[in-house]
Number of protein chains: 2
Amino acid sequence: MKPYILIAEDEDALATLLEYNFQKEGYEVGVASDGDEVLVMADERTPDLILMDWMMPKLSGVEACRRLRRKSETRNTPIIMLTARGDETDRITGLDYGADDYVIKPFSTPELLARVRAVLRRTQPGLLDDIIRHGDIEIDVKAFRVRRGETEIHLGPTEFRLLDHFMRHPARVFSREQLLDAVWGRDVYVEARTVDVHIGRLRKALKKAGGGDPIRTVRSAGYAFEIKTKGA
Amino acid sequence: MKPYILIAEDEDALATLLEYNFQKEGYEVGVASDGDEVLVMADERTPDLILMDWMMPKLSGVEACRRLRRKSETRNTPIIMLTARGDETDRITGLDYGADDYVIKPFSTPELLARVRAVLRRTQPGLLDDIIRHGDIEIDVKAFRVRRGETEIHLGPTEFRLLDHFMRHPARVFSREQLLDAVWGRDVYVEARTVDVHIGRLRKALKKAGGGDPIRTVRSAGYAFEIKTKGA
DNA sequence: TATATGTTTCACAAAATTGTCACTATATGA
DNA sequence: TCATATAGTGACAATTTTGTGAAACATATA
């Protein structure tokens with residue numbers, strides 16, 4: 001539900017600082033300390049954005065960048081490079097290999113955050129929105145509210161995150177495992193069938209506010225959120 | 001704290017003129033020169049009011065307007081549109097997308113300033129003086145007073161700052177940690193649950209003056225201040 | 001120093017939420 | 001149509017989270 005940012009930085013102090021600041025800003029953060037690790041971690045969970053140090057052990061930032069561009073999951077994942085001051089050659093090379101933006105060290109945290117937001121906005125429209133609407137259903141993530149038509153809907157935390165996830169990826173079918181990963185978290189051991197129960201609870205809550213069932217069951221595959229929108 | 005006005009205007013000469021005049025009038029001013037930049041800047045610091053040119057590069061004023069309305073921080077930020085003379089169609093479209101007022105170019109500076117004051121007074125009471133009001137609850141920051149309806153309420157310093165914070169960010173859910181940061185201070189070591197106790201006291205004090213509980217508990221997330229006002 | 005005022009922590013009760021299971025309902029395909 | 005796999009759902013015990021009174025502590029004031 002939160003945007004997931006992968007930070008690749010071998011300098012511990014900086015990595016920790018960045019992790020702290022991004023978490024505080026509401027992102028989920030993964031930290032990789034060399035080029036190899038970035039690739040592994042990006043494989044485990046596709047990040048919404050990668051922040052990559054130019055100089056790293058094992059595999060340089062450029063090279064990691066190039067490899068990421070060769071995998072279909074990360075082909076379009078935005079990458080922001082962190083580089084030392086003033087190397088124009090690097091700048092050009094990096095952009096060639098598919099970085100989306102550059103930040104020159106040293107940088108201020110607000111500046112970096114702004115760049116990240118700008119890139120996310122450009123590449124993943126809707127990811128940063130905190131009010132999402134589909135048909136007559138609207139959620140406000142900052143206010144933790146759900147409405148359907150005129151009716152306020154109360155959801156438990158899990159149902160809320162579930163709906164949030166669905167509404168950010170409408171019409172797409174998710175397996176129970178994918179939902180557990182995205183909504184519960186990747187390291188929780190929970191029965192897959194538990195998803196069914198929460199889907200049921202979410203459906204009941206949405207139904208109580210009137211209107212059809214926006215969640216489609218895809219037998220032997222999973223669930224998808226779909227709602228016929230009439231107007232904009 | 002001066003009101004912060006964000007000016008979105010691609011024509012340099014006009015932008016500079018506006019900046020100068022508003023600063024002279026005691027506002028803090030940010031200038032964005034295209035539609036994208038408005039979004040970025042509004043993200044960095046939520047403006048108290050946005051002055052937006054109708055025609056801008058990259059992202060038109062209307063579109064920027066629409067996007068701003070999708071973020072909870074800027075959902076209610078007043079927007080004044082600057083448009084070329086006489087386009088009634090635009091006027092209607094713009095109001096649809098949530099602009100609060102219109103000023104037709106060319107305009108006189110005093111006229112614009114007056115419009116801005118009017119809109120600020122209407123939408124952000126307490127910004128120009130030090131009184132904030134929501135529903136029947138009113139706080140006077142300078143005088144350190146709280147009233148609900150006709151009743152004076154006495155609050156301890158912490159409860160006062162807590163209410164102040166809530167009323168400046170209505171409807172938004174804050175975690176206990178965020179509240180500690182904002183109300184207690186960045187570097188205080190206090191148990192998160194202490195917030196609960198102060199919320200409880202604040203609630204009790206507000207209840208004693210009659211009316212419903214304006215503080216909403218959001219399980220596993222935090223608290224939000226919300227008061228049902230009937231009119232817009 | 002005594003008193004008033006306000007803050008923090010703690011402990012326990014109350015309430016909401018969760019995950020699992022058992023059972024039922026429904027779809028699928030031979 | 002029947003057998004089988006898959007999904008829906010009510011119940012419930014365990015867990016998590018919140019509300020709150022009271023004690024301990026802190027600070028200012030007379």
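By convention in this document, chain letters (A, B, ...) are assigned in the order of the sequence lines, proteins followed by strands, and residues within each chain are numbered from 1.
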Original post:
Which atom pair, heavy atoms only, marks the closest approach of B:Met41 to B:Val31?
Top reply: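 Answer, listing the atom of B:Met41 first, then B:Val31: SD-O, 3.4 Å.
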For the pair made of [atom1] in [X] and [atom2] in [N], what is the distance, rounded to whole Å?
X	N	atom1	atom2	value
A:Asp213	D:dT9	CG	C1'	14 Å
A:Ile215	D:dG8	CD1	C1'	13 Å
B:Arg216	D:dT18	CZ	C1'	15 Å
A:His198	C:dC21	NE2	P	14 Å
B:Asp196	D:dT20	CG	P	10 Å
B:Glu159	D:dT20	CD	P	14 Å
A:Leu202	C:dT18	CG	C1'	15 Å
B:Arg203	D:dG19	CZ	C1'	8 Å

Would you indicate, yes or no, if [N] has its OP1 or OP2 atom less than 4.0 angstrom from a side-chain nitrogen or oxygen of [X]?
X	N	answer
A:Arg201	D:dT9	no
A:Tyr223	D:dG8	yes
B:Thr217	D:dG19	yes
A:His154	C:dT17	yes
B:Thr158	C:dT7	yes
A:Trp184	C:dT18	no

Original post:
Mapping B:Val195 and B:Leu155 onto DNA chain C by nearest heavy atom, which one lands closer to the 5' end?
Top reply: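 Looking at the nearest nucleotide for each, B:Leu155 comes out on the 5' side.
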Original post:
C:dT20 base to A:Arg193 side chain: any donor-acceptor pair below 3.5 Å?
Top reply: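 Donor-acceptor pair under 3.5 Å: no.
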Original post:
Checking only heavy atoms, does the side chain of B:Arg219 share a donor-acceptor pair with the base of D:dT17 at less than 3.5 Å?
Top reply: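 Yes.
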Are the side chain of [X] and the backbone N or O of [Y] linked by a donor-acceptor pair below 3.5 Å?
X	Y	value
B:Arg148	B:Leu206	yes
A:Arg176	A:Thr194	no
A:Gln23	A:Tyr20	no
A:Glu37	A:Ser33	yes

Subject >> A:Arg45 to A:Tyr4 six-membered ring, cation-pi geometry met (6.0 Å, 45°) >> reply: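 Satisfied, under 6.0 Å and within 45°.
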From [options], nucleotide with atom closest to [X] side chain:
X	options	result
A:Glu191	C:dT20, D:dT20, D:dG21	C:dT20
A:Thr194	C:dG19, D:dT18, D:dG19	C:dG19
B:Val190	D:dT18, C:dT9, D:dA11	C:dT9

**OP:** Assign B:Phe160 to base, sugar-phosphate, or nothing according to its heavy-atom contacts below 4.0 angstrom with the strands shown.
**Re:**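 Here B:Phe160 touches no strand at all.
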**OP:** Would you mind classifying the nucleic acid contact of B:Arg176 as base, sugar-phosphate or nothing, using non-hydrogen atoms under 4.0 angstrom?
**Re:**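 Answer is sugar-phosphate: B:Arg176 comes under 4.0 Å of backbone atoms only.
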Original post:
Between A:Gly222 and B:Ile199, which is nearer to the 5' end of DNA chain D once each is assigned its nearest nucleotide?
Top reply: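 Of the two residues, A:Gly222 wins.
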